Asker: 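Structure incoming, see below.
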There are 2 protein chains.
Amino acid sequence: MAAEEFLLDRQLCFRLYTASRLLTQAYHPLLSAQGLTYPQYLVLLVLWEKDAQPVNDIAKRLLLETNTVTPLLKRMEAEGILTRRKGEKDARQMIVSLTPKGKNLQKELKDVPATVGSAVLCKEVTPETVPGLFTTLDGIIGQLSNKQHEF
Amino acid sequence: MAAEEFLLDRQLCFRLYTASRLLTQAYHPLLSAQGLTYPQYLVLLVLWEKDAQPVNDIAKRLLLETNTVTPLLKRMEAEGILTRRKGEKDARQMIVSLTPKGKNLQKELKDVPATVGSAVLCKEVTPETVPGLFTTLDGIIGQLSNKQHEF
DNA sequence: CTTATTTGTATCGTTCACGATGCAAAGATA
DNA sequence: TATCTTTGCATCGTGAACGATACAAATAAG
């Protein structure tokens, strides 16, 4: 009944969607042990690279909208992981900074990248094939975030 | 401040997560024109391949839990896209079947795969590179869905 | 034939995603 | 200076995801 182009096994998006969900699930036990979710972990990665950033910079880095990031940051603030204060130069900005607890989480989580990395290793995913995968995914992301593709 | 392994640009998961979100967003204008969401479109792909399946079979095919699929199916039932009826052989099952409206959606959506497909084409994503990408993603999915990886 | 276990769905609560909208501060224009 | 536009963030509503839990039908064990 289904035409060729509708076969689930031919869909790139379904594969990306599934791989993304399953890999996020792999992070779950490691992160929830520290009371974190995966998107919250991404915020930590951004702030560990550069502390004290406005909401907008964090959102842009993660390619998310502020209406996704704002509630996320509020929950993390309630957990004592970070603080949010009005910008001094620009009063519209909210500057997000790590608390000592937020900075310390890096030590608690130091084995996470390697642990998850080893979980995906298999015949098709090796230190040799990953760089190519990165390049391809970056191509997709670049193409779609350009919005030059609008129909 | 951040150690090498925590750099956002080195994370496979962030790339998958972002590529998945952006590609799903690319579907949005095409699907919402028919009142559909992307996960609902996936359910249609499954049912177009084989009509009248129990909830569990649909969930397994999509690698989702029934607690995700059940509400989704109920919304689609409310839209008149499909019907849910108790199984005759096994009264625990709910057999999901397409309505004429659900079957007709395939015609309305026939250009969707090609349209989205063309949206991702770029230097890094070509008819030559996509099969390799499929293989790698299938490897990741196979590895993680096996649950042999449990920490 | 009971009782125990497994299986198939559903319900509930929390946290994203994200379109739509609101609003105040900052910057541009008249 | 007064008005207009843009920018940065927030609020709201809806629909996923998913862990935890509940429950009835089917199956297995006694």
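We name chains A, B, ... by the order of the sequence lines, and we start the count at 1 in each one. Remember, predicted model here, so these are calculated numbers, not experimental data. Values below: every heavy atom of this structure, side chains too, minus hydrogens, waters and symmetry copies.
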Asker: Between A:Glu88 and B:Lys60, which residue's closest nucleotide on DNA chain C lies nearer the 5′ terminus?
Answerer: B:Lys60

Asker: Work out which heavy atom in A:Gly87 is nearest to a heavy atom in A:Ile95; give both atom names and the distance.
Answerer: CA-CG1, 3.8 Å

Asker: Just how far, in rounded Å, is P of D:dG8 from CG of A:Asp57?
Answerer: 9 Å

Asker: Among A:Val46, A:Thr66, A:Leu72, A:Leu64, find the one that has a side chain to side chain contact (heavy atoms under 4.5 Å, CB included) with A:Ile58.
Answerer: A:Val46

Asker: Which two nucleotides bound the region of DNA chain C that has atoms under 4.0 Å from heavy atoms of chain B, read 5' to 3'?
Answerer: C:dT7 to C:dG19

Asker: Is it the case that the side chain of A:Gln34 and the backbone of A:Leu30 share a donor-acceptor pair, with hydrogens and angles ignored and the cut-off at 3.5 Å?
Answerer: no

Asker: Using the test side-chain hydrogen bond (donor to acceptor under 3.5 Å, both in side chains), find all partners of A:Asp90 that sit at least two apart in sequence or belong to another chain.
Answerer: A:Arg92

Asker: Does B:Asp57 have any salt bridge (charged side-chain N to carboxylate O under 4.0 Å, His left out) partners at least two apart in sequence or in another chain, and if so, which?
Answerer: none

Asker: Could you work out, with side-chain hydrogen bond (donor to acceptor under 3.5 Å, both in side chains) as the rule, every residue matching A:Glu77, not counting sequence neighbours?
Answerer: A:Arg84

Asker: What residues, two or more places apart in sequence or in another chain, satisfy ring-ring contact (aromatic ring centres under 6.0 Å, His included) together with A:Tyr27?
Answerer: A:Tyr38, A:Tyr41

Asker: Which letter, B, S or -, goes with each nucleotide of nucleotides 10-16 of chain D from 5' to 3', with contact meaning a protein heavy atom under 4.0 Å?
Answerer: BB---SS

Asker: Does anything in residues 112-134 of chain A pair up under salt bridge (charged side-chain N to carboxylate O under 4.0 Å, His left out), and if so which pairs, sequence neighbours excluded?
Answerer: none

Asker: Can you measure B:Leu144 atom CG to D:dC18 atom P for me and round it to whole angstrom units?
Answerer: 12 Å

Asker: Has B:Thr24 got a side-chain atom pairing as donor or acceptor with B:Ser20's backbone, closer than 3.5 angstrom?
Answerer: yes

Asker: According to salt bridge (charged side-chain N to carboxylate O under 4.0 Å, His left out), does anything in residues 5-19 of chain A pair up with another residue at least two apart or in another chain? List the pairs.
Answerer: A:Glu4-A:Arg10, A:Asp9-B:Arg61, A:Arg15-B:Asp138

Asker: Is A:Leu121 reachable from B:Ile141 through a run of I, L, V, M, F, W or Y residues, each pair having side-chain heavy atoms under 4.5 Å apart?
Answerer: no

Asker: Report the distance from atom OH of A:Tyr27 to atom P of D:dC18, rounded to the nearest whole Å.
Answerer: 16 Å

Asker: Go through the structure and list residues passing side-chain hydrogen bond (donor to acceptor under 3.5 Å, both in side chains) with A:Lys107, not counting sequence neighbours.
Answerer: A:Asn104

Asker: Could you work out how much the helix from C:dC1-D:dG30 to C:dA30-D:dT1 bends, comparing the axis of its first five pairs with that of its last five, to 10°?
Answerer: 10°

Asker: Return the polar atom pairs (N/O with N/O) between nucleotides 23-25 of chain D and the protein under 3.5 Å, or none.
Answerer:
residue : atom : partner : partner atom : Å
D:dA25  : N3   : B:Arg92 : NH1          : 3.4

Asker: Among pairs that include at least one residue of residues 26-35 of chain A, which meet salt bridge (charged side-chain N to carboxylate O under 4.0 Å, His left out), considering only residues two or more places apart or in two chains?
Answerer: none

